[in-house]
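Here the structure is laid out as structure tokens; the discussion comes afterwards.
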Amino acid sequence: MKKNWLFLSVLFAVMFVLAACNGGGGSEKGSETDNKGKSGEKETTKVEENLLSSEVTNEGEAIKGGTLRVGFVTSSPFQGIFNWELYEDAYDKEIMDFATNSIFSTDGDFVITDTGAAKLEVDKDAKKATITLQGDYKWSDGKAVTAEDLIYPYLIIGHPDYTGIRYDDDFKNIVGVEEYHSGKADTISGITKVNDKAIQIQFKKVSPAIYYGGDGLWGYAAPKHQLESIPVKDLISSDAVRKNPVTLGPFKIDKIVNGESVQFVANEHYFKGKPKIDKVVLEVVPPTSIGEALRTGKYDIATSFPTNQYDGIKDLSNVSLLGRPELAYSYLGFKLGKYDKVDSKNIFDEKSKMNNVELRQAVAYAMDVEGVSEKFYQGLRERGNSLIPPVFSFYDETLEGYHYDPEKAKELLDKAGYKDKDGDGIREDKDGKKFTIRLAAMAGSETDEAIVEYYRQNWKDIGLDVQLTTGRLIEFNAFYDKVQADDPEIDMYMAAWGTGTNPSPKGLYGEGAEFNYSRYVSPELTKLLDAIDSEDAMDPDKRKKAFRAWQEYMSEQAMVFPTFFRTEVIPVNKRVKNWDASYANDTKDNLHTVELLADEPLK
């Protein structure tokens, strides 16, 4: 009962403040219509007592052409970096998915197939891969796609002046990349052009990761004819990236309002066939407004939906709700060092404030993740026990992870020497000095602040004083700018990772991974990561054991620990014909087939 009252008191207090600042507001609940059985149902995800299908059919005669209206759910303007080699966050990726330059397709297990624009052939003994275009394809400007366009992304990422975040340990697996990056070579010796449609790549090693797009393999083409005249250091600010990128996907960018909206038009040169709809209009909409916008028929699709608002749309008669497990997890991380941009590697600081295993474990045990899931997420979040999401076959459900156990947390703090020596209820550090932990967390929906405040109370209950960096939740882009820059005002941070389709964790936690925001590095961690993507790991049993050993190590060290696994809710207006969210048949890979049953979204 005490726990429930704490939830309610924190939530009501925060919502009162938000209403006072924003002028209140709300949305009406939709009609009580049961929509089950009106759409084809395939793989399912449990939400309360209902089942969310992964596919909706919506039979009927389609109109000719039309405009798909997309609610782009974010509380921040998008950055607008429309280049696969340079983009930095999931929001720009969501936009580029409508005009993707992907050359590979994958199956339901995320393994590369031969059904994409290019096929992959691997000679594991020779440590080589051949990538071959499977047809005569054109860019959105009508220029031919060639082998040079397959090579050019590697020349961008490996370039000495590259400003992005994808030059990492994985990428260095390509023979000659390090020499090229250091300026000792004019090109990458390990990448050769076979003919106008094929290239060959020589790797230092080949592991199972290559079949998921790992080992340094890049899954996108880049229009060399548009980009080669632009210095690599200037690409990120160029019109070719910001305003008029040449693309390979079903749609091409027509108009951009910076940070607010993007209009796409059908790409008549798309290699799978010209799309059946004429346009896609994508508009930024705050998480607090998307429920009402769906109810009133403003949008056909929401790129994401705040799961803590699920109750507000679950009964809408004009919308079908699809669901699938996300390729993502929420987590809490600790700052334990710095990133050295000169040498492109993480530097672990043994003297860092949070470099105490018992302290980090105590923070984890103190968090009532299960309670937050129950109260705020309607069963659409569950406590994470691993840094591998359950959608992957390498996920191990037998891992324990960190349950809510405040008494265990107190024992760990006592053992580590963090004790309340002055009787004020707050623990001092091991030297008897005042101890405050600074937490960075992102602003978002109305309940985000309530959830963070609840966790702060959890930590206070075990004697830890946790204060917010900047004194408040931080806007999305500013948050990641601070985390990536190792802002000294951050001791720990709450974030989330979209893993992509490659389960290998080296790109997130390796010594050379700029995404390794905790900056934790150790010989043991490097050894465990290397084992996952080793040649020995071609044996499935050995790779499974390597994944298990790595997951156990990460849990024990707790430099980063998962909080939630996530179920993605995908609202689809009932005028959209045939939308499939399953990973095996994702409509985003077949946007050219989407049709509409009416001129405007249904209300």
Side-chain angles (χ1 to χ4, degrees), residues 81 83-89 93 101-104 112 118 120 122 124 127-131 148-193 199-222 224 227 232-233 235-236 339-346 484 497-517 519 521 525-526 529-530 532-535 537:
I81 304 174
N83 175 278
W84 289 98
E85 292 71 47
L86 293 169
Y87 86 95
E88 296 180 354
D89 62 52
K93 179 187 180 300
N101 289 349
S102 177
I103 58 173
F104 297 126
I112 292 173
L120 172 70
V122 178
K124 63 181 181 180
K127 301 177 184 177
K128 291 181 178 180
T130 302
I131 298 98
E148 298 287 348
D149 300 319
L150 303 182
I151 294 174
Y152 204 65
Y154 297 92
L155 297 178
I156 293 173
I157 296 172
H159 197 278
D161 295 332
Y162 176 64
T163 59
I165 52 181
R166 288 171 178 82
Y167 181 76
D168 57 14
D169 290 341
D170 227 20
F171 203 75
K172 295 173 188 176
N173 185 45
I174 299 171
V175 171
V177 158
E178 292 184 86
E179 291 80 2
Y180 173 66
H181 185 72
S182 66
K184 296 177 181 178
D186 294 331
T187 189
I188 301 173
S189 61
I191 302 180
T192 55
K193 177 180 173 181
I199 68 172
Q200 190 174 82
I201 303 177
Q202 179 74 59
F203 298 97
K204 297 174 183 176
K205 67 164 179 67
V206 168
S207 79
I210 197 168
Y211 300 108
Y212 296 86
D215 278 347
L217 185 71
W218 190 244
Y220 302 90
K224 182 179 179 180
L227 304 178
V232 169
K233 63 182 175 61
L235 273 177
I236 197 167
Y339 184 75
D340 185 339
K341 283 189 173 291
V342 175
D343 292 331
S344 300
K345 66 178 182 179
N346 295 286
Q484 189 172 334
W497 273 132
T499 63
T501 58
N502 179 11
S504 174
K506 192 171 186 177
L508 294 179
Y509 300 108
E511 181 179 13
E514 193 167 352
F515 285 128
N516 182 1
Y517 292 148
R519 311 307 182 198
V521 177
L525 175 55
T526 299
L529 288 170
D530 288 346
I532 290 172
D533 293 339
S534 67
E535 294 177 7

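Quick caveat: nothing in here was measured; it's all calculated off a predicted structure.
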Is it the case that more than 12 heavy atoms not belonging to Lys345 sit under 6.0 Å from its NZ atom? no
Ring geometry between Tyr220 and Trp84 (parallel below 30°, tilted from 30 to 60°, perpendicular above 60°): parallel
Spacing of OH belonging to Tyr162 relative to CD1 belonging to Ile236, to within rounding of 0.5 Å: 8.5 Å
Considering all heavy atoms, the nearest Ala221-Pro153 contact: C-CG, 4.0 Å
Is it the case that atom CG in Asp343 sees more than 12 heavy atoms from other parts of the structure closer than 6.0 Å? yes
Measure up the Tyr180 and His159 rings against each other and bin them: parallel (under 30°), tilted (30 to 60°), perpendicular (over 60°). perpendicular
Check step by step if side-chain contact (heavy atoms from CB on, under 4.5 Å) holds for Lys127 and Lys204. CA-CA 7 Å; Lys127 301 177 184 177; Lys204 297 174 183 176; over 6 Å; no
Identify the heavy atoms of Ile174 and Phe203 that sit nearest to each other, and give their distance. CG1-CE2, 3.9 Å
Ion pair Glu148/Lys193, N-O distance below 4.0 Å: yes
Please assess Val206 against Glu535 for the test side-chain contact (heavy atoms from CB on, under 4.5 Å), listing each intermediate value before the final yes or no. CA-CA 6 Å; Val206 168; Glu535 294 177 7; 5.7 Å; no
Once rounded to the nearest 0.5 Å, what's the spacing between atom CH2 of Trp218 and atom CZ of Phe104? 12.0 Å
Considering all heavy atoms of both residues, which atom of Thr192 and which atom of Ile151 are nearest to each other, and what is their separation? C-CD1, 4.5 Å
From Phe171 CZ over to Asn173 CG, what is the distance, rounded to the nearest 0.5 angstrom? 10.5 Å
Without swapping roles, check the side chain of Asp149 against the backbone of Lys224 for a donor-acceptor pair under 3.5 Å. yes
Which pair of non-hydrogen atoms, one from Ala513 and one from Lys506, has the smallest distance, and what is that distance? CB-O, 3.7 Å
Between the CG atom in Asn346 and the CG atom in Asn516, the distance rounded to the nearest 0.5 Å is 4.5 Å
Test item: Asn502 side-chain N/O and Ser504 main-chain N/O as donor-acceptor pair under 3.5 Å: yes
How close do Leu120 and Ile210 get, counting heavy atoms only, and between which atoms? CD2-O, 3.9 Å
By the definition salt bridge (Lys or Arg N to Asp or Glu O under 4.0 Å), identify the one residue from Asp215, Asp170, Asp169 that meets it with Lys205. Asp215
Inter-residue atom distance Leu235.CG - Ile81.CD1, 0.5 Å rounding: 11.5 Å
To the nearest 0.5 angstrom, please state how far the CG atom of Asp161 sits from the CD1 atom of Ile156. 12.5 Å
Smallest separation among heavy atoms of Ala537 and Ile532, with atom names: CB-O, 3.3 Å
Test side chain to side chain contact (heavy atoms under 4.5 Å, CB included) applied to Tyr167 and Glu514, Glu178, Glu85, the passing residue: Glu178
Residues Ile165, Phe515; criterion side-chain contact (heavy atoms from CB on, under 4.5 Å); working and verdict: CA-CA 8 Å; Ile165 52 181; Phe515 285 128; 3.1 Å; yes
Might you work through the side-chain contact (heavy atoms from CB on, under 4.5 Å) test for Tyr87 and Arg166, ending with a clear yes or no? CA-CA 10 Å; Tyr87 86 95; Arg166 288 171 178 82; 3.2 Å; yes
